[in-house]
> 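I'd like to ask you about the structure that follows.
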Amino acid sequence: MKPISRAGAALRCHSDPATALAAESAMLDRVALGHSTCEISIWSTARCLVAPRCFSRLPAFETARAILEAEGVPLHLRATGGDLAPQGPGIVNLTIAFVQPPGRPLRIEQSYEQLCEPTIAWLRSRKISARCGPLGGTFCDGAYNILIGDRKLAGTAQRWRAGPRVCAAESSLAVLAHVSIHCAGDLHRLSGAADRFYATCGLERRIRPENHIALFDMPALAGDFVESPDCLDRLARELDAAYADLLRSKSAGEIPGLRHQLCRTAGARSHPPE
Amino acid sequence: VTDVIIPADLWDGDTEAVITTWLAADGGAVRPGDLLAEIMVEKAQYEIRSPAAGRLTILKDTDAVIIKGDTIARIT
């Protein structure tokens with residue numbers, strides 16, 4: 001497999017969320033099998049909710065899923081951990097997959113910090129102050145939300161694969177790390193659907209959409225950035241550049257017998273935010 | 001006999017994890033590299049793969065709270 005050019009990375013828009021999630025899982029498979037050492041994809045998909053696969057064990061899961069489906073909010077299962085998370089044309093996802101070589105231990109917290117730092121640095125370059133932290137009442141809350149003030153901009157999740165199926169190296173580790181950035185549109189419809197899912201499944205948690213913030217609502221981005229018709233593509237290009245150093249360090253991992261290459265998904269025509 | 005152990009250096013501190021799914025059956029035959037279970041810690045889903053061939057005995061059930069270094073199954 002030839003290395004793919006680093007130029008021209010852009011937002012990839014999947015009309016089908018199942019296809020989007022399968023493409024993300026395939027990134028982990030490829031790095032785990034040694035087909036590449038590091039991959040990045042910046043993508044969005046149609047409006048839906050996504051849940052960790054373990055949610056399918058909830059006794060009322062199928063009932064709740066059918067209720068949401070009837071409301072026009074499909075529910076899909078994903079490979080990474082966490083809770084219900086929103087997807088839609090106004091949400092930009094950045095997924096990286098890489099192999100952590102033997103002898104270079106990585107902890108889950110370190111991996112989250114590496115994932116979040118380039119986005120936080122990009123925001124800083126745009127004069128937006130952000131930090132990591134938990135925030136109750138938000139979609140898929142965790143210690144590594146990216147927060148602006150007291151509102152959530154982005155969520156993160158990971159999937160780790162270790163052991164003999166990773167590059168035939170016993171102690172190698174393959175990591176899929178994902179950040180989901182709320183760029184445009186409000187989350188009221190999806191938060192309502194999430195609340196109905198929780199209620200149907202007998203879970204007490206609820207989403208407070210006012211605890212979220214959309215990137216393009218930030219005054220610092222008002223003007224040419226947000227008003228640009230290709231603002232999501234522009235964001236994707238700028239995020240791609242922001243993650244270049246991290247990807248370089250990941251793709252330079254020394255694993256004997258592997259060709260070091262960086263794969264990117266080719267850009268596809270993007271759709272406007274909701 | 002080979003124990004299936006949660007790696008001790010996977011995460012910092014004393015955070016607890018949860019076994020979210022067993023994908024291999026108790027008493028079933030497994031091969032090296034087979035996906036046995038998934039645990040979740042800090043929203044990270046971690047795949048537990050079989051370290052050996054043999055018959056699986058599950059010691060910690062789905063939804064069990066675990067910590068680093070716990071033995072969750074045994075392969076004989």
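Every chain is numbered from 1, with letters handed out A, B, ... down the list of sequences.
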> If you count heavy-atom pairs under 4.5 Å between each of G155(A), G142(A), C140(A), A177(A) and chain B, which one has the most?
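Highest number of heavy-atom pairs under 4.5 Å: C140(A).
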
> Judged by modelled atom types alone, do S111(A) and Q114(A) share a side-chain donor-acceptor pair under 3.5 Å?
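Result is no, nothing qualifies.
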
> Do L84(A) and L75(A) have side chains that get closer than 4.5 Å, going by heavy atoms?
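Yes. Closest side-chain heavy atoms under 4.5 Å.
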
> Whether the T80(A) and Q45(B) side chains hold a donor-acceptor pair (N or O, under 3.5 Å, no angle test) is what I'd like checked.
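There is no such pair (donor and acceptor under 3.5 Å, judged by atom type) between the side chains of T80(A) and Q45(B).
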
> Tell me, for D141(A) versus chain B, whether the close heavy atoms (under 4.5 Å) come from the side chain, the backbone, both or neither.
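It is the backbone, since no side chain atom gets that close.
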
> Using a distance-only test with no angle check, is there a side-chain donor-acceptor pair under 3.5 angstrom linking Q87(A) and N93(A)?
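Their side chains do contain a donor-acceptor pair, which is all the 3.5 Å distance test asks for.
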
> Heavy-atom cut-off 4.5 Å, strictly under: side chain, backbone, both or neither for L176(A) against chain B?
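It is neither, since no heavy atom gets under 4.5 Å.
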
> Looking at E42(B), E47(B), M40(B), which one has more heavy-atom pairs under 4.5 Å with chain A than the rest?
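Highest number of heavy-atom pairs under 4.5 Å: E47(B).
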
